[in-house]
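Only one structure is covered here, and it is reproduced in the block below.
Naming convention: chains lettered A, B, ... in sequence-line order (proteins, then strands); numbering from 1 in each chain. The basis for the numbers below is simple: all heavy atoms, side chains too, and nothing from hydrogens, waters or symmetry mates.
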Amino acid sequence: MIRSQLKKALDDCFDQGVAEGLWTAAAAEKFTVELPKHEGQGDFSTNFALVLAGIEKKNPRELAQAIAKKLTNHTELIDDVEIAGPGFVNVFINPEVWHRLIPEIINKGAAFGKSDIGCGRKVMVEFVSANPTGPLSIGHGRQAILGDSIARLLEATGHDVYREYYYNDAGRQMRVLGESTRARYLELLGEEFTFPEDGYQGEYIVDISRSLIDEKGDSLKDHADVTPFKEQAERHIFKDISSTLERMGIIFDNFYNEHSLYEKGLIDDVVAELRAKGYVYEQDDAVWFKTTAFGQEQDRVIIKSSGEPTYRLPDMAYHREKFRRNFDWLVNILGSDHIATVPDVLAGVKALGYDPDKVTVVLHQFVTLTRDGKQVKMSTRKANFVTVDELLDEVGVDPVRFFFMMRKADSQMEFDLELATKKSQDNPVYYVQYGHARLCAILRQAAEKGFAEPKFDLAESVLLKEPEELRLLKAMSTFPSSIEGSALELAPHKFIFYLMELAGQLHSYYNKHKVITDDIPLSRARLCMIKALQVVLKNGLEMVGLTAPTSM
RNA sequence: GCGCCAGUAGCUCAGCUGGAUAGAGCAACGGACUUCUAAUCCGUAGGUCGCAGGUUCGAAUCCUGCCUGGCGUACCA
């Protein structure tokens, strides 16, 4: 927010320069205000002169002189301006500007950091969407946390967020699941059985079969239809998945069953509509969708010669329903193995008359699991995977959330089981949480020593002049824009890095300066800042679904 | 073959809509608890930013080519 004040001041100076004929308006909106990387380069820096020099063919240092002179007039905001390097203009902010942040943060409390830039836009975040064939694996865990934290960041920035889980309980996979369950059922009863060749081998199937025996005895042993086995498995697995999600603090607004699209005739509708628009044709007994009309290399089958639709068709119908349900923005979180579906669905959306630009796909790469330094191959079928539940048991909810959030979605990540389990103390989540706990300890201590509730006093706050203090205040000032940036880019890891940076500055400060001392006015001023910082850390942690412990 | 993602310190990763001297954590080494919580801090060491060209005042970042890994490239989902 201070940055945008500065940008405004800079724009004013730019306009003045245009009016005075120092330069033309050609460079408007091309220059930026940045945070310098190194100490001593000001609180902010602008490339104004460098950008202008390129366009106006003038000497950058001279342009920098001119703009610097104008900027120094803004004394309420700016303390000092200097020119450096090839023509950077470094701006030193009036410390009072930082000090005034403190009451603002304290007064806003839990609302500090929230914004309404989303303008109440209705956004659906679709994620997890795992079919109920087994417990959630680590890969699903990544997606669950990624989707949920994106949803939370969007909520914090004024979006009207709806979390949806899309699943398919029909199809081949589920049939195999039912057959696997039946095989185990017969095995448990001591009957003859044949396990499906590509069946699900996890131990959970045995548990499900056992529950079926508890409920129905051996009455199903001659049952030809696989349905009761499939339904029992689905019920159990969904119960499992739901409780895993709940443990992680993830609550969906809706579970959308693919099958309902068939029941409502929406699949046929889509085919009819595409056919009417001339995007569909028959060949080799199959029905094809002309994806080449939307820039793709080849057309795609939407109904197989067997009469069964391919995954593309219900996906298109589902997305049409999303649009019909009046969402303004559709965010889909997908694993990279689903990348091929994206262009097809977007082509379908376009063909059906909706705007594909309203769909944003966040692809995340795989999680590779290592144990004893060796990679573990994961497969639901083979059941040699680690489930999210197991992970939660070992390391706890906060570290699991944090760990998945701190990696950007589109790079493969390595999940070192040894590190996550044995050395959970080293998990950076504690670094941030410990910071919050420390702040709470200071505030408790202050109360015990008779300090009143921190109350801001501008006259006292000028005592906050240590570089570490100004740096902390500066970091706090970027909290709202960090959330906004992270939310709009759908990149939770950026916000996590902000939190770690902020916590790091706090820990340094803590070790160097004592808050509560015999100097009462200074202590009061510092306590105000500590209170503000505690608000920021608490808001930050809770905004992405982490707890903010008051002691550790 | 084609498409997408990635290749940055010993390891795990940030930085990538061009900016000044490329960062953090872990591991290594050396320090700091009579002190508001040492789950912390301070310091040292560690780099041809995969390779080669190009674009320009300026490239880890943009463009081209190549190399390596992952995922796709189904009438599987």
Side-chain angles (χ1 to χ4, degrees), chain A residues 32 34 36-41 45-47 50-51 53-54 59-60 84-88 90 129-131 133 168 171-174 198 258 283-288 296-298 300-312 314-315 335-343 363-366 368 370 373 403 406-416 419 423-435 437-446 448-449 489 493-494 496-497 500-501 503-504 506-517 523 526-527 530 549 551-552:
Chain A
T32 57
E34 287 151 13
K37 277 184 200 157
H38 302 280
E39 292 287 316
Q41 296 177 341
S45 163
T46 176
N47 58 359
L50 291 163
V51 171
N59 182 327
F88 289 99
N90 296 336
S129 296
N131 290 338
T133 58
N168 172 19
R172 208 185 64 85
Q173 274 183 46
M174 293 300 291
D198 53 354
E258 180 186 314
Q283 186 184 307
D284 304 330
D285 295 328
V287 179
W288 296 70
Q296 289 191 56
E297 282 186 10
Q298 47 184 311
R300 301 290 185 186
V301 170
I302 49 173
I303 300 178
K304 301 183 233 174
S305 49
S306 65
E308 273 182 305
T310 64
Y311 67 88
R312 297 182 184 91
D315 271 8
S336 63
D337 54 335
H338 284 67
I339 187 168
T341 73
V342 176
L363 281 171
H364 66 89
Q365 297 289 324
F366 278 7
T368 56
T370 57
F403 199 93
M406 69 187 278
R407 261 72 198 223
K408 76 173 173 209
D410 56 10
S411 59
Q412 294 168 46
M413 69 174 276
E414 190 166 302
F415 203 117
D416 186 333
L419 195 75
K423 308 181 75 178
S424 60
Q425 292 281 318
D426 286 337
N427 198 302
V429 67
Y430 297 119
Y431 186 80
V432 179
Q433 290 182 323
Y434 185 58
R438 268 188 154 168
L439 295 170
C440 291
I442 295 173
L443 294 170
R444 273 195 303 270
Q445 187 75 215
E448 275 172 30
K449 293 198 173 159
E489 288 179 53
H493 78 278
K494 296 202 170 186
I496 296 299
F497 275 84
M500 289 196 285
E501 168 68 24
L506 157 67
H507 288 308
S508 289
Y509 176 71
Y510 181 95
N511 276 275
K512 189 160 178 187
H513 302 287
K514 203 153 157 39
V515 174
I516 302 167
T517 61
S523 301
R526 287 183 171 170
L527 279 168
I530 292 299
S551 69
M552 284 173 77

Any donor-acceptor pair under 3.5 Å linking the side chain of Gln365(A) with the backbone of Ala409(A)?
-> no
Say whether, by atom type as modelled, one donor and one acceptor occur between the side chain of Thr46(A) and the main chain of Thr32(A) under 3.5 angstrom.
->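 Yes; judged by distance alone, with no hydrogens or angles, the pair exists.
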By nearest atom, which of the nucleotides [options] is closest to the [X] side chain?
X	options	value
Lys304(A)	rC75(B), rU37(B), rG15(B)	rC75(B)
Lys408(A)	rG15(B), rU37(B), rA20(B)	rG15(B)
Phe88(A)	rA14(B), rG19(B), rU40(B)	rG19(B)
Ser508(A)	rA14(B), rC41(B), rC13(B)	rC41(B)
Lys37(A)	rC41(B), rA38(B), rA60(B)	rA60(B)
Ser336(A)	rA74(B), rU40(B), rC71(B)	rC71(B)
Ala286(A)	rU37(B), rC75(B), rU73(B)	rC75(B)
Gln412(A)	rA38(B), rC71(B), rG69(B)	rG69(B)
Gln445(A)	rA14(B), rC36(B), rA74(B)	rC36(B)
Pro36(A)	rU40(B), rA14(B), rA20(B)	rA20(B)

Please determine whether a side-chain nitrogen or oxygen atom of [X] lies at a distance below 4.0 Å from atom OP1 or OP2 of [N].
X	N	result
Arg438(A)	rA38(B)	yes
Tyr430(A)	rA39(B)	no
Tyr431(A)	rC26(B)	no
Thr341(A)	rC76(B)	no
His493(A)	rG15(B)	yes

When the nearest nucleotide of RNA chain B is assigned to Glu34(A) and to Ala441(A) on a heavy-atom basis, which residue is associated with the more 5' position?
->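 Mapping each residue to its closest nucleotide by heavy atoms, the 5'-most match is Glu34(A).
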Could you pick out which residue, Phe366(A) or Ile339(A), lies toward the 5' side of RNA chain B when each is mapped onto its nearest nucleotide?
->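 Upstream on the strand: Ile339(A).
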Please report the distance, rounded to the nearest Å, between [atom1] in [X] and [atom2] in [N].
X	N	atom1	atom2	value
Asp284(A)	rC75(B)	CG	P	11 Å
Asn511(A)	rC42(B)	CG	P	7 Å
His338(A)	rG72(B)	NE2	P	10 Å
Phe403(A)	rU12(B)	CZ	P	11 Å
Glu297(A)	rC4(B)	CD	P	10 Å
Ile516(A)	rU35(B)	CD1	P	15 Å
Lys512(A)	rA32(B)	NZ	P	18 Å
Asp410(A)	rC13(B)	CG	P	13 Å

Tell me the closest heavy-atom pair linking [X] and [Y], and the distance in Å.
X	Y	answer
Gly335(A)	Leu363(A)	O-CD2, 3.6 Å
Tyr431(A)	Met500(A)	CE2-O, 3.7 Å
Met413(A)	Phe403(A)	CE-CE2, 3.2 Å

How far, in whole Å, is [M] from [N] if one measures between their [atom1] atoms?
N	M	atom1	result
rC62(B)	rC26(B)	C1'	33 Å
rU61(B)	rG15(B)	P	15 Å
rC29(B)	rG70(B)	C1'	36 Å
rA28(B)	rC67(B)	P	39 Å
rG19(B)	rU56(B)	C1'	12 Å
rG69(B)	rC51(B)	C1'	16 Å
rC4(B)	rU64(B)	P	10 Å
rU48(B)	rC71(B)	C1'	30 Å

For rA14(B), which nucleotide in any strand shown is its Watson-Crick or wobble partner with both distances under 3.5 Å?
-> none
Any strand: nucleotide that pairs with rG72(B) via Watson-Crick or wobble, under 3.5 Å =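 Partner of rG72(B): rC2(B).
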Residue Glu297(A) excluded, over 12 heavy atoms near CD under 6.0 Å = no
Remember a base hit wins even if backbone is also touched, and classify [X] as base, sugar-phosphate or nothing at under 4.0 Å, heavy atoms.
X	value
Met413(A)	sugar-phosphate
Leu439(A)	nothing
Phe497(A)	sugar-phosphate
His513(A)	base
Tyr510(A)	base
Ser305(A)	base
Ala84(A)	base
Lys449(A)	nothing
Glu414(A)	sugar-phosphate

If you measure from OG1 on Thr341(A) to OH on Tyr311(A), what distance do you get to the nearest 0.5 Å?
-> 6.0 Å
Working to the nearest 0.5 Å, report the span between CD of Glu501(A) and CD1 of Ile496(A).
->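 That separation rounds to 14.0 Å.
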Please walk me through it: do Asp284(A) and Lys304(A) pass salt bridge (charged side-chain N to carboxylate O under 4.0 Å, His left out)?
-> CA-CA 9 Å; Asp284(A) 304 330; Lys304(A) 301 183 233 174; over 6 Å; no
Report the glycosidic orientation of rC63(B): syn if within 90° of 0, anti in every other case.
->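 Anti, angle beyond 90° from zero.
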Can you list the steps and then say if Leu50(A) with Phe88(A) is a side-chain contact (heavy atoms from CB on, under 4.5 Å)?
-> CA-CA 7 Å; Leu50(A) 291 163; Phe88(A) 289 99; 3.8 Å; yes
Side-chain donor or acceptor of [X] under 3.5 Å from a matching atom on the base of [N]?
X	N	value
Asn90(A)	rA20(B)	yes
Tyr311(A)	rA77(B)	yes
Ser45(A)	rA20(B)	yes

